[in-house]
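Throughout, a chain's letter reflects where its sequence line sits, starting with A, and its residues are numbered from 1. These numbers come from a predicted model, not from an experiment.
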Amino acid sequence: MTPLQHLRAAVEDASAALRGDGAAAGGAPTVERPRRDGFGDYSTNAAMLLAPAVGRPPREIAERLGDALRESLGGALERYEVAGPGFLNLFLADGWFADALAHVLAAGDAFGSGGASAPERILVEFVSANPTGPVVAASGRHAAYGDALARILGFHGHEVAREYYLNDAGSQVRKLGESVRARARGEEVPEGGYEGDYVIELAREIPDAADGDPDELASIAVGLMYERIKATLERYGVTYDRFFSERSLYDGEPSPVQRAQAQLDRLGHTYRHDGALWLRTTTFGDDKDRVLERSNGEPTYFASDVAYLESKRDRGFTRQLNVFGADHHGYVARLKAAMEALGGDPETLEILIMRLVHFVEGGEREKMSKRRGVFTTLDELIDELGVDATRFFMLQRSHDTSLDLDLDLARKQSSENPVYYVQYAHARIASMLERAGEQVVADALAAAEAGTTGRREPLDPAERTLTKKLLAFPAEVGEAADKRAPHRLTAYALELAQDFTAFYRDCRVLGAEGEGVEAHRIALSVATKRTIARALGLLGVSAPDEMAREHDA
RNA sequence: GCGCCCGUAGCUCAGUGGAUAGAGCGCUUGCCUCCGGAGCAAGAGGUCGCAGGUUCGAAUCCUGCCGGGCGCGCCA
């Protein structure tokens, strides 16, 4: 149990005792850091929730809760105050902070992990851009988001697999083949074809492309693009358990697509109309029914989407997360309907819509676009900003709000740039620990973990603030996981770095006066270093032990 | 027209029931004998789109309106 969980349990126990049985719960009380330091280290609204059931004024109840906590927490509770409409503000003793730090140190690398109350088998599908061109810069947001989300969910205690759905079938792929052949012949690409320069490169790379069969060329070109996409993403720190081939859904007899359709037939959710095969998605809340197979016998993309959905269920995933672009939000209703039609629970299919990325430079906003082959690739963006800055900036905002990426700021190698600010704090700690020496650090850690530093000096406010920020980490991970919100950890990393910087400013660490003070502060610094590294790691951002000392440009 | 998302400081955005609403950037003013100045501090700056409602308490929940984005093919 973490220190905060212990505190919460004490509040809940006191609450339950006051309420007696029978009375309604009125919701779980909060135990949170109040906005202002004057309101205590932690604050609870338990008394206000209890008031209706107990039938006494909230402030009176708060007093009684405070008394009860003084009993149960003993010396850990320095004092309490009743404030405002009935808040109970808890001021904790230095000993509580020392114990809390010991807990963080004892947890080691596992600190903050495993908080999932109901572990699930989750498949995260993300990026899944068509293999008809390079990964564009804007896809860097999808990649960073899906990857960070997968890391966070895994750390939180879920079993996570990650997939890229490779659209290697269908008319877009054929168009790529036709475009390659046209370029090989020195011609313009056909109407609606791909105009990017990479098509010319493909034409050069593929032998005898000028005389090739478009389908065959398409297949080869898609293979080459797939390699490039994979390489770009790997460079970005993004790997997959599987690139799931759409074409494979048509392999075999019966194929997965046929099997899914057969199941839908059997359940009575399909019908023929105007020669096409329809899925009655309106039964499950969609606006209109959707075609699975066109009247010409060709399957729609929806047909393979449904089969893919079913494949994920077959493979035992209890939850599917799909990261889609904003232009795909119209598919949410039909996919959820398909899920339900197949006999699944639509609640277990979550479609996370990523809003657009705009790149801002010199105050000008430019939406990168793939049209007419004029685009900036993710590779070019990484060349420009580096992996760390690119990922950090892409992860600063909630997925459902559009993102303005300030290229000028992201390029800066100074503390104005948040990613450097966080990394700098980490490097600074590393440098300090290096100076302290291995043995001193090891001794300090052992003493802090065992509670034997012998420190009697009162804690500095900055030490309390920093410790509380560390203690908040497990809950932050939980929020980031449950709300599919990696950006919370981006903010957390920045806040933690800020609190460390304030601590470093106010509290001398090495050579600090007073018995056990240096040891305690070294231990606190180590815990901070580990937590910064962990938070950044969950975002896919590196935590270097040293930053280049000189900066030019 | 219908559906989904968004509207919070000059800009970009956190914050989805708690107290006097936050951060980064930008702006203003300061700080280098000192564990990394690639740093630090202070300050100015907000009717939380508008109007009702629920609640002891609303940026947060409900309803309506206004503004913006996206989507509404037997396209991919």
Side-chain angles (χ1 to χ4, degrees), chain A residues 27 30 32 34-36 38-39 43-45 48-49 51-52 57-58 83-87 89 130 132 167 169-173 175 192 273-278 286-288 290-302 325-334 351 353 355-356 358 360 363 365 393 396-406 408-409 412-418 420-421 423-425 427-436 483 485 487-488 490-492 494-495 498 501-502 504-512 518 521-522 525 546-551:
Chain A
T30 59
E32 61 187 8
R35 293 187 188 285
R36 303 180 55 198
F39 293 152
S43 174
T44 177
N45 66 353
M48 290 180 283
L49 297 178
F87 288 103
N89 297 335
N130 283 348
T132 50
N167 293 110
S171 61
Q172 290 305 304
V173 170
K175 268 183 190 141
H273 177 71
D274 287 346
L277 180 69
W278 297 70
D286 196 9
D287 287 345
K288 53 189 82 168
R290 307 291 171 179
V291 171
L292 289 167
E293 187 189 289
R294 302 187 186 97
S295 49
N296 66 6
E298 290 273 313
T300 62
Y301 270 72
F302 185 50
D327 54 342
H328 279 67
H329 79 252
Y331 299 121
V332 175
R334 80 187 61 165
I351 298 173
I353 299 297
R355 303 295 304 270
L356 292 176
H358 300 276
V360 177
R365 179 187 280 185
F393 273 72
Q396 278 192 101
R397 307 301 177 209
S398 167
H399 67 90
D400 63 5
T401 188
S402 64
L403 172 82
D404 277 27
L405 201 161
D406 185 337
D408 300 316
L409 180 61
K412 279 189 189 166
Q413 306 208 353
S414 75
S415 69
E416 293 156 89
N417 182 339
Y420 277 83
Y421 183 91
Q423 289 180 322
Y424 182 77
R428 182 182 251 176
I429 297 171
S431 164
M432 190 176 71
L433 297 175
E434 174 83 13
R435 177 185 278 251
K483 296 189 169 162
H487 73 278
R488 282 173 169 267
T490 317
Y492 176 80
L494 190 58
E495 289 164 13
Q498 282 170 331
T501 302
Y504 182 82
R505 178 189 70 239
D506 294 345
C507 303
R508 178 77 201 183
V509 178
L510 303 184
E518 180 187 61
R521 288 180 177 167
I522 286 176
S525 299
E546 53 185 76
M547 311 281 279
R549 295 231 178 207
E550 297 303 318
H551 71 299

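- Between A:K412 and the phosphate of B:rG26, there is a side-chain N or O to OP1/OP2 separation shorter than 4.0 Å.
- Here the side chains of A:H328 and A:I351 are not in contact, with every heavy-atom distance at 4.5 Å or above.
- Closest contact between the side chain of A:N130 and the listed nucleotides B:rA76, B:rG37, B:rC40 involves B:rA76.
- Using a 4.0 Å heavy-atom cutoff across all strands shown, A:R435 reaches sugar-phosphate atoms only and no base atom.
- Annotation: side chain to side chain contact (heavy atoms under 4.5 Å, CB included) contacts of A:N167 (sequence neighbours excluded): A:N130, A:P131, A:Y165, A:E246, A:Y301.
- Here, B:rC4 and B:rC62 have their P atoms 12 Å apart, quoted to the whole Å.
- Residue A:L356 contributes atom CG, which lies 15 Å from atom C1' of B:rU12 at whole-angstrom precision.
- Secondary-structure stems of RNA chain B, taken as three or more successive Watson-Crick or G-U wobble pairs (i with j, i+1 with j-1) under a 3.5 Å distance threshold, comprise B:1-7 with B:66-72, B:10-13 with B:22-25, B:27-31 with B:39-43, B:49-53 with B:61-65.
- For A:F87 and B:rG18, the ring-to-base geometry does not satisfy the stacking test (centroid distance below 5.5 Å, interplanar angle below 30°).
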Test side chain to side chain contact (heavy atoms under 4.5 Å, CB included) applied to A:T300 and A:R294, step by step: CA-CA 7 Å; A:T300 62; A:R294 302 187 186 97; 4.0 Å; yes
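- Counting non-hydrogen atoms under 4.0 angstrom, A:A83 reaches a base of the nucleic acid.
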Quick one: which protein N/O atoms are closer than 3.5 Å to N/O atoms of nucleotides 6-9 of chain B? Pair and distance per line, please.
from: B:rC6; atom 1: OP1; to: A:D400; atom 2: OD2; distance (Å): 3.4

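- Take the nearest nucleotide of RNA chain B for A:E546 and for A:Y301: the residue whose nucleotide is more 5' is A:E546.
- For B:rC2, the OP1/OP2 oxygens have no side-chain nitrogen or oxygen of A:K288 closer than 4.0 Å.
- Rounded to a whole angstrom, the distance from the P atom of B:rU8 to that of B:rG69 is 15 Å.
- Using a 4.0 Å heavy-atom distance criterion, A:A326 is classed as a sugar-phosphate-only contact.
- Inter-residue side-chain proximity for A:K412 and A:Y420 is flagged as unmet; no heavy-atom pair is nearer than 4.5 Å.
- At the phosphate of B:rC74, neither OP1 nor OP2 sits under 4.0 Å from any side-chain N or O atom of A:R290.
- At the phosphate of B:rC75, OP1 or OP2 sits under 4.0 Å from a side-chain N or O atom of A:R294.
- Residue contacts shown for A:F39 include a base, since a base heavy atom lies under 4.0 Å away.
- Between A:Q396 and A:P418 the shortest side-chain heavy-atom distance falls below 4.5 Å.
- Rounded to whole Å, the P atom of B:rA14 lies 28 Å from the corresponding atom of B:rG52.
- In this structure, B:rC5 shows a glycosidic angle more than 90 degrees from zero, which is the anti conformation.
- Here B:rA76 is the nucleotide among B:rG36, B:rU12, B:rA76 with the atom lying nearest to any side-chain atom of A:Q172.
- Annotation: B:rG18 and B:rC27 have their P atoms spaced 35 Å apart (nearest Å).
- Side-chain contact between A:E416 and A:L409: present, with at least one pair of heavy atoms (C-beta onward) separated by less than 4.5 Å.
- Minimum atom distance to the side chain of A:A276 is reached by B:rC74, of the listed B:rG24, B:rC74, B:rG37.
- Ranking B:rG18, B:rC74, B:rG26 by closeness to the A:W278 side chain, first place goes to B:rC74.
- Counting any heavy atom pair closer than 4.0 Å across all strands shown, A:H273 reaches a base atom.
- Taking all atoms of both residues into account, the shortest heavy-atom contact from A:S43 to A:F87 is OG-CD2, 3.9 Å.
- Counting all heavy atoms, side chain and backbone alike, A:S525 lies closest to A:M432 at OG-CE, 3.3 Å.
- Closest heavy-atom contact between A:N45 and A:T30: OD1-N, 2.9 Å.
- Rounded to a whole angstrom, the distance from the C1' atom of B:rG68 to that of B:rG49 is 11 Å.
- The residue A:D286 sits apart from the nucleic acid: no heavy atom pair falls under 4.0 Å.
- Between A:R488 and B:rG15 there is a side-chain N or O to OP1 or OP2 distance below 4.0 Å.
- Relative to the side chain of A:H329, the nucleotides B:rC70, B:rC35, B:rA19 differ in distance, and B:rC70 lies closest.
- Among the atoms of the strands shown, base atoms are found under 4.0 Å from some heavy atom of A:D274.
- A:Y421 comes within 4.0 angstrom of the backbone, heavy atoms only, and of no base.
- Within the nucleic acid shown, A:Q498 comes within 4.0 Å of sugar-phosphate atoms alone, with no base atom in reach, counting heavy atoms only.
- Counting any heavy atom pair closer than 4.0 Å across all strands shown, A:K175 reaches no nucleic acid atom.
- With the nearest nucleotide of RNA chain B identified for both A:F302 and A:S398, A:S398 has the one nearer the 5' end.
- Side-chain proximity of A:K483 to the nucleotides B:rA21, B:rU16, B:rG36 is greatest for B:rU16.
- The shortest side-chain heavy-atom distance between A:K175 and A:T132 does not fall under the 4.5 Å cut-off.
- At whole-Å resolution of the value, CZ in A:R508 and P in B:rU33 are 15 Å apart.
- A:H487 comes within 4.0 angstrom of sugar-phosphate atoms only, judged by non-hydrogen atoms across all strands, and of no base.
- Of all heavy-atom pairs between A:R508 and A:R521, the closest is O-NH1, 2.8 Å.
- Looking at the side chain of A:L494, the nearest of the listed nucleotides B:rC74, B:rC40, B:rA23 is B:rA23.
- Listed pair A:S525 / B:rC35 fails the phosphate criterion, with no side-chain N or O lying under 4.0 Å from OP1 or OP2.
- Side chain of A:D327, nearest nucleotide from B:rC70, B:rC25, B:rG18: B:rC70.
- Minimum atom distance to the side chain of A:R397 is reached by B:rA14, of the listed B:rC35, B:rA14, B:rA19.
- A stacked arrangement is not assigned to A:Y424 and the six-membered base ring of B:rG36, the conditions of a centre distance below 5.5 Å and an interplanar angle below 30° not being jointly met.
- Residue A:Y504 places its side chain closer to B:rC35 than to any other of B:rG22, B:rG71, B:rC35.
- Annotation: side chain of A:E518 is in contact with side chain of A:I522 (closest heavy-atom distance under 4.5 Å).
- Separation of the P atoms belonging to B:rC48 and B:rC61 is 15 Å when rounded to the nearest angstrom.
- A:D408 has its CG atom 15 Å from the P atom of B:rU12, to the nearest Å.
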